[in-house]
Student: 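Can you read through this structure? Questions will come right after.
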Amino acid sequence: MVITIDGPAGSGKSTVAEEVARRLGLSFLNTGHMYRAIGLAARRREIDLNNQIELAYVAKHAKIEFDWSKYPPPVILNGERVTHLLGGRDVSEAASYVALVPAIREQMVKQQREIGDHLRDLVTEGRDQGTIVFPTAEFKFYVDASPDERARRRFVQLRNRAEQIEYKEILDQILVRDKRDRERLVGPLEKPKDAIEIDSTHLSFEDVVRHIIGLVETRHAT
Ligand code: DC
């Protein structure tokens, strides 16, 4: 069984997907972490983020793996555990440029499908999981929230990481990234036609998790 959970930055899809997978006993694939790991590799090499040829070169030489023996599975970049380095502002920014490069998206889609074939039962989150990577998934969800609420959540996250940033700056970044995510030519963020949409603006994390699990269990039982 494959469950896809797509949505924009700050919608809460990753934490929700992780918890849904945990409660249902399925594997969890965080595809945002794959783009972020390449973003980290690009930052380390001080690549110009507008140079798509160099970004594609970095991606080609970046071996991304997950340690499936742990939950949630840590990301391994060329043999190094890097999950703890993926949440910062610099890496987020770099990942949003990495995600624009068609050759990198092709590489990621291929690897994500291979992971799906290998694991079989999984909850996967991202932007293109229900539309491009797993178009025949049994369950598709699209989790959204207002830009203000998404910026507020991100603000709290970054403050907990002791990063100094203003709320207004985060909101502006979210709006720029939304545009970049929705307007790119390959694998843009869009709601899969057959996905169930959940607006989480006024819902708690627990509400969203229970809603998804309830729908999966009900439909699975019929
Ligand atoms: O969900 P996230 O913020 O961790 O994603 C990091 C970046 O990768 C973000 O700019 C969107 C992009 N991304 C993507 O284009 N496709 C995916 N399946 C997952 C993430």
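Values below: every heavy atom of this structure, side chains too, minus hydrogens, waters and symmetry copies. Atoms within a ligand are numbered from 1 in the order they appear, just like the ligands themselves. Note that the structure is a prediction, hence the values are computed from the model and not measured.
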Student: Sequence neighbours left out, what passes side chain to side chain contact (heavy atoms under 4.5 Å, CB included) with T218? Give chain and number order.
Tutor: none
Student: Give a yes or no on whether a salt bridge exists between D178 and R182, defined as a side-chain N under 4.0 angstrom from a carboxylate O.
Tutor: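 A salt bridge is present here (some side-chain N lies under 4.0 Å from a carboxylate O).
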Student: Got a salt bridge between R152 and D148, using NZ or NE/NH1/NH2 to carboxylate O under 4.0 Å?
Tutor: no
Student: E169: which residues meet the salt bridge (charged side-chain N to carboxylate O under 4.0 Å, His left out) condition with it, sequence neighbours left out?
Tutor: R89
Student: What residues form a side chain to side chain contact (heavy atoms under 4.5 Å, CB included) with R153, not counting sequence neighbours?
Tutor: A145, E149, S200
Student: For ligand 1, list the protein residues that place a heavy atom within a distance below 4.0 Å of one of its atoms, sorted by chain and number.
Tutor: K13, T31, G32, Y35, R36, A95, S96, A99, R105, G126, R127, D128, Q129, D181, R184
Student: Using 4.0 Å as the upper bound for N to carboxylate O, is an ion pair formed by D67 and R81?
Tutor: yes
